[in-house]
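The block underneath contains the structure these notes are about, expressed in structure tokens.
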2 protein chains.
Amino acid sequence: MSQHRHPGAPGRAGAVPALPDLPEATVARLPEYLRALHQLAEAGHETISSEGLATAAGVNSAKLRKDLSHLGSYGTRGVGYDVALLVDQIEFVLGLTQRRGVALVGIGNLGHALAGYAGFASRGFRVAALFDADPARVGEEINGLIVRHVDELPRAAVEESIAIGVIATPAAAAQRVADQLVAAGVTSILNFAPCVLSVPEGVDVRKVDLAIELQILSFHEHRKASLTALPATGGAGFTALPGGLAAPGTQEAVGT
Amino acid sequence: MSQHRHPGAPGRAGAVPALPDLPEATVARLPEYLRALHQLAEAGHETISSEGLATAAGVNSAKLRKDLSHLGSYGTRGVGYDVALLVDQIEFVLGLTQRRGVALVGIGNLGHALAGYAGFASRGFRVAALFDADPARVGEEINGLIVRHVDELPRAAVEESIAIGVIATPAAAAQRVADQLVAAGVTSILNFAPCVLSVPEGVDVRKVDLAIELQILSFHEHRKASLTALPATGGAGFTALPGGLAAPGTQEAVGT
DNA sequence: AGGCGCTTGTGAAGACGTGCACAAATCGCG
DNA sequence: CGCGATTTGTGCACGTCTTCACAAGCGCCT
């Protein structure tokens with residue numbers, strides 16, 4: 001399956017550890033494992049079992065083991081995983097050993113918040129440039145960065161070696177911005193605008209739509225309501241009431 | 001995922017469009033179809049083919065037809081789907097016929113932006129209350145709403161009949177807020193804090209982690225880089241360069 | 001050294017999601 | 001009225017993801 005690194009020196013110095021191509025589902029979970037590992041490391045754990053890490057990451061332990069097995073064998077039977085080692089390994093696989101530069105386009109309501117979001121900096125990214133098409137916003141300083149006009153994007157992208165672009169514009173402007181990003185050499189885009197982007201092959205797009213998340217929750221609310229309405233003999237079956245605090249059950253993740 | 005799987009699906013009372021239990025993957029796409037439909041309606045279309053709608057929503061037409069077939073048969077062969085009818089149908093299934101109240105907890109950087117995000121109001125939701133634990137922020141007015149102290153959550157939740165809570169606090173506070181939301185009767189939570197929440201059965205949680213999205217993109221960047229480094233005989237590697245604008249290819253969605 | 005308990009890594013089976021390809025249904029037109 | 005063009009709805013095969021269950025490996029204790 002995977003070409004195990006030689007057990008002797010885990011230092012991956014030598015041969016380029018050609019990335020195994022991981023299942024997408026696994027890739028999507030690795031960041032969650034990484035977050036959990038950092039948290040565990042801070043709590044003083046030097047090793048952690050798959051069970052413990054799975055709990056911290058909110059997944060099933062078998063799934064976690066299979067995910068990690070795709071990266072190679074970095075656990076010790078009878079003991080667990082070395083936290084520090086695993087952190088390094090996952091960060092390497094995710095390409096976080098270099099701090100990637102991110103360009104943020106659209107400094108409106110949301111863009112403002114993203115520009116100031118500390119979570120990016122603390123998790124491997126550097127917000128390197130801010131852009132907006134509105135001259136009224138150009139020149140504003142946020143977090144030590146000056147908002148530049150979007151036409152300067154190509155130049156700035158090269159100067160700052162930007163590989164990832166974040167689109168936080170209104171939907172109407174998003175496709176144009178995407179084209180500009182691609183033209184400037186950006187090959188990964190995170191799109192917050194509620195619209196479909198068309199990009200050339202080789203460019204990756206991920207979309208985050210806040211309203212969609214709420215709508216999915218709304219569906220489940222609707223279903224829950226219609227379920228408690230029918231089988232429960234009482235009419236307006238309102239079950240939820242205070243009383244006790246969250247008897248911590250297992251996380252009930254909705255969808256993926 | 002949802003463990004509510006009644007095998008025999010007790011014959012649901014006939015004619016009423018009682019909710020069929022849709023596959024989660026379908027539920028996650030319905031909002032996207034809805035957005036595309038609104039866009040098409042605005043453009044004047046009265047009917048739309050599966051092919052057209054699929055393109056507008058960025059999916060494959062067979063998948064779209066199968067998704068819609070789960071809601072019942074609302075298309076006409078040889079013609080397509082009636083846009084207005086389909087909008088109504090999807091809005092009903094998603095439970096958007098009633099405008100759901102949303103409580104937003106954590107009025108920091110991100111919370112501020114969410115409180116002012118027009119997309120919520122325009123897509124079926126009403127941000128009904130804002131909360132924060134920091135007394136310094138209590139009293140601030142955003143978009144016509146006053147920030148209240150989080151301790152008032154139970155009372156406000158009932159008054160405003162809140163069913164959905166949005167957590168935009170730091171990770172350290174998120175679990176406590178989730179407990180408070182649950183205690184106040186909230187049964188759906190959208191969590192922006194980078195941590196795992198533990199909630200009782202019957203409460204649905206969806207998570208949005210902005211840094212994770214970037215990390216997934218980073219992985220693909222890393223992989224693309226390591227691929228063009230190895231096999232490319234001669235500089236076949238770097239395709240992307242200015243000159244031409246994005247030859248619009250198909251959307252290359254990464255993961256889900 | 002040997003045995004015992006614990007934990008990883010993985011084969012196999014099942015659930016789920018996707019996409020093709022085509023029969024069935026509908027409309028418009030001659 | 002019949003025919004052809006069009007488009008839906010779906011059976012089927014395939015690939016991906018999840019989960020179980022267990023052998024193999026490791027450390028510790030006696």
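Residue numbers start from 1 in every chain, and the chains themselves are labelled A, B, ... in the order their sequence lines are given, proteins ahead of strands.
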According to side chain to side chain donor-acceptor pair (under 3.5 Å), who are the partners of B:Thr169, at least two apart in sequence or on a separate chain? none
Strictly below 4.0 Å, heavy-atom distances to any atom of DNA chain D: list the hits from residues 40-47 of chain A, or just say none. none
Sequence neighbours excluded, which residues qualify as salt bridge (Lys or Arg N to Asp or Glu O under 4.0 Å) partners of B:Arg223? none
So, using side-chain contact (heavy atoms from CB on, under 4.5 Å) as the criterion, who are the partners of A:Pro23 when residues are at least two apart? A:Thr26, A:His70
For nucleotides 6-8 of chain D, which of its nitrogen or oxygen atoms have a protein nitrogen or oxygen under 3.5 Å away, and what is each distance?
from  : atom 1 : to      : atom 2 : distance (Å)
D:dT7 : O4'    : B:Gly78 : N      : 3.1
D:dT7 : O2     : B:Gly78 : N      : 3.4
D:dT8 : OP1    : B:Ser50 : N      : 2.5
D:dT8 : OP2    : B:Ser50 : OG     : 2.6
D:dT8 : O2     : B:Arg77 : NH1    : 3.0

What residues form a side-chain contact (heavy atoms from CB on, under 4.5 Å) with B:Glu51, not counting sequence neighbours? B:Ser49, B:Thr55, B:Ser61
Is a donor-acceptor contact shorter than 3.5 angstrom present between the side chain of A:Lys66 and the base of D:dT19? yes
Between CG of A:Leu64 and C1' of D:dT19 the distance, given in whole Å, is 14 Å
Report the residues that fulfil side-chain contact (heavy atoms from CB on, under 4.5 Å) with B:Ser218, sequence neighbours left out, ordered by chain and then residue number. A:Leu96, A:Arg100, A:Phe125
For A:Tyr117, ring pair (Phe, Tyr, Trp, His ring centres under 6.0 Å) partners two or more places apart: A:Phe120
Under 4.0 Å, heavy atom to any atom of DNA chain D: which of residues 27-36 of chain B qualify? none
Measure from CG on B:Asp67 to P on D:dT10 and round the result to the nearest Å. 13 Å
Applying salt bridge (Lys or Arg N to Asp or Glu O under 4.0 Å), can you list everything that pairs with A:Glu32, at least two apart in sequence or on another chain? A:Arg35, B:Lys207
Please identify each residue that fulfils side chain to side chain donor-acceptor pair (under 3.5 Å) with A:Asp209, with sequence neighbours left out. B:Arg123
Sort and list the pairs that fulfil salt bridge (Lys or Arg N to Asp or Glu O under 4.0 Å) and have at least one residue in residues 56-74 of chain B, not counting sequence neighbours. B:Arg29-B:Asp67
